[in-house]
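In what follows, chains carry the letters A, B, and so on, assigned in the order in which the sequence lines appear, proteins first and then strands, with residues in each chain numbered from 1. Side chains included, hydrogens not; waters and symmetry mates left out as well; all remaining heavy atoms used.
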There are 2 protein chains.
Amino acid sequence: MQSKNKHEINPRISTDCVIFGFDFNQLRVLLIERSAVENVPSMMALPGDLIYEEENLDMAASRVLKELTGLEEIYLEQVAAFGDPNRLSKKNDQLWLKSVRQDPDARVITIAYYSLVNLDNYAPQASSFAKAASWILVDEIKELAFDHAEIVSAALKKLKDKIISQPIGFNLLPEKFTLSQLHRLYESILGRDLDKRNFRRKMLKLKLVESLDEKQEGVPHKPSQYFKFNEENYNKLIENGYDNFGF
Amino acid sequence: MQSKNKHEINPRISTDCVIFGFDFNQLRVLLIERSAVENVPSMMALPGDLIYEEENLDMAASRVLKELTGLEEIYLEQVAAFGDPNRLSKKNDQLWLKSVRQDPDARVITIAYYSLVNLDNYAPQASSFAKAASWILVDEIKELAFDHAEIVSAALKKLKDKIISQPIGFNLLPEKFTLSQLHRLYESILGRDLDKRNFRRKMLKLKLVESLDEKQEGVPHKPSQYFKFNEENYNKLIENGYDNFGF
DNA sequence: TGTCTTTGTGTCAATTATACACTTTGCGAA
DNA sequence: TTCGCAAAGTGTATAATTGACACAAAGACA
């Protein structure tokens, strides 16, 4: 780690956050709008910024997320580092950087993080250099700034892998939820249908949810039972090394 | 990504490589020996160094690995980024850095990579600042420089996750191998026993190995059949989204 | 020819995965 | 009031997979 020569550089380091949210129907990602500058239309991007001196990477990701979108207290997990020397060199990205950055040609390596939230609990408030922050349907993302589309894909893959092997996903739901909501959540993330009866059977057998004495009201169909997440059983399961949730 | 203030830094970026090798019995990791300096005994470390300007992260990892150990053409996969501001600040690490680095206090964020090789095919040759490079049993690693023990743990966890869900591991074996060797390989990585008959049944059903018309010779017991990896079937399996190898 | 060592093999029971369709509930419109 | 609607909720049969378990076969060597 100590050799020195002309090739070496001090690149800049940023973090970008891929926050997935679920609106009871579809999976969305929190994106900010990059301001339009001369000849460059505005464009959606992941919330991300450079890290600070005294921060570790996790802290940097949390801070940046809060600064750009107002969201805080979100558990973030690392996706990967993205460091292609050309990751900022698409023409529009370059033009944009030139108009807003002091050192537009500096290489930037980014550490991507992801998380899952119940988007009803988080109303993003754009600030700092973000012009807007909003929840965009994953399926409708077209072009993103820099290599952010690639980062979103990598984060989504990570999320799929994780939800297959571990019963996460309860963070995305409100305190009380119905099994149909949970079912749709899993289908949204995995991008495929899951049999309703088999899904319910599995969930109930694991005892990760317990039914409340409360039903939906005012719906024009049979009201569904509300459930809550049983954190105690979840912790037991994880302690026992259970890592095959099996979807 | 463009705000500017006093907190921001240009840290240095390195890569560290966790190369796992298998000697037909146990899992080992390729470590280099960090030179002793005044008052600091020599210490084992992962091969790692700073990245170059024009390199992407994968290329940097390959180059660094080659420079320090002579190993090349190894497929490396990212583990994670490690960027704690104090990751280089253990006392002995600091003393060592002061004696060999021009800027011992610079913060260094490292991108860790890992791989698996058949160690018979790779005889490490220490060079550059590595005093020695050798294959150390994973179970016998004691203290490593910097946060490298943490990095090895993270890489091992990644390797386990991967070998559970995907039939990797053939890269670790010679072109022809016996099912017992493959069996021991899996047991070494997972750190637990696997039933011999069940293991063989699963391997043969997946058709990832095919038997050769060749047996062991000169062994003082029943000679075992040689097999080879069937790459075609492996690719088919991966294409079909098969991701539950099931160990 | 006997002993040693590792290879190689089959079955049964338990668990898990998959496929599949109808009844129930409550609302609101006619 | 009753009818239709929409989503909730429920059971079973079959196939596939897992896990546990013990002994015979092959070849080397003494």
According to a strict under-4.0 Å criterion, is A:Lys205 in side-chain N/O contact with OP1 or OP2 of C:dT16? yes
Mind calculating the distance between NE2 (B:His183) and C1' (C:dG8) to the nearest angstrom? 13 Å
What residues, two or more places apart in sequence or in another chain, satisfy ring-ring contact (aromatic ring centres under 6.0 Å, His included) together with A:Tyr234? A:Phe229
Check the interface with nucleotides 8-10 of chain D: list each N/O to N/O pair with the protein under 3.5 Å, or write none.
residue, atom, partner, partner atom, Å
D:dA8, OP1, A:Ser180, OG, 2.6
D:dA8, OP2, A:Ser180, OG, 3.4
D:dG9, OP1, A:Gln225, N, 2.6
D:dG9, OP2, A:Arg200, NH1, 3.4
D:dG9, OP2, A:Arg200, NH2, 2.7
D:dG9, O5', A:Arg200, NH2, 3.1
D:dG9, N7, A:Lys196, NZ, 2.7
D:dG9, O6, A:Lys196, NZ, 3.2

B:Asn198 CG - D:dA22 P separation (whole Å): 13 Å
State whether a side-chain donor-acceptor pair under 3.5 Å links A:Tyr226 with A:Asp213. no
d(CG, B:Leu194; P, D:dC21) in whole Å: 15 Å
Verify side chain to side chain donor-acceptor pair (under 3.5 Å) between B:Gln216 and B:Ser224, making sure each step is shown before the conclusion. CA-CA 5 Å; B:Gln216 270 185 325; B:Ser224 61; 3.0 Å; yes
Classify the side chain of B:Arg201 versus the base of D:dG19 as yes if they form a donor-acceptor pair under 3.5 Å and no if they do not. yes
Inter-residue atom distance A:Ile32.CD1 - A:Leu46.CG, 0.5 Å rounding: 8.0 Å
Any N/O donor-acceptor pair, A:Asp195 side-chain to C:dA17 base, under 3.5 Å: no
To the nearest 0.5 Å, how far apart are CD1 in A:Ile151 and OG1 in A:Thr110? 5.5 Å
Residue set satisfying salt bridge (Lys or Arg N to Asp or Glu O under 4.0 Å) with A:Lys207, at least two apart, ordered chain then number -> none
Closer than 4.0 Å, any side-chain N/O of B:Lys202 to the OP1 or OP2 of D:dT17? no
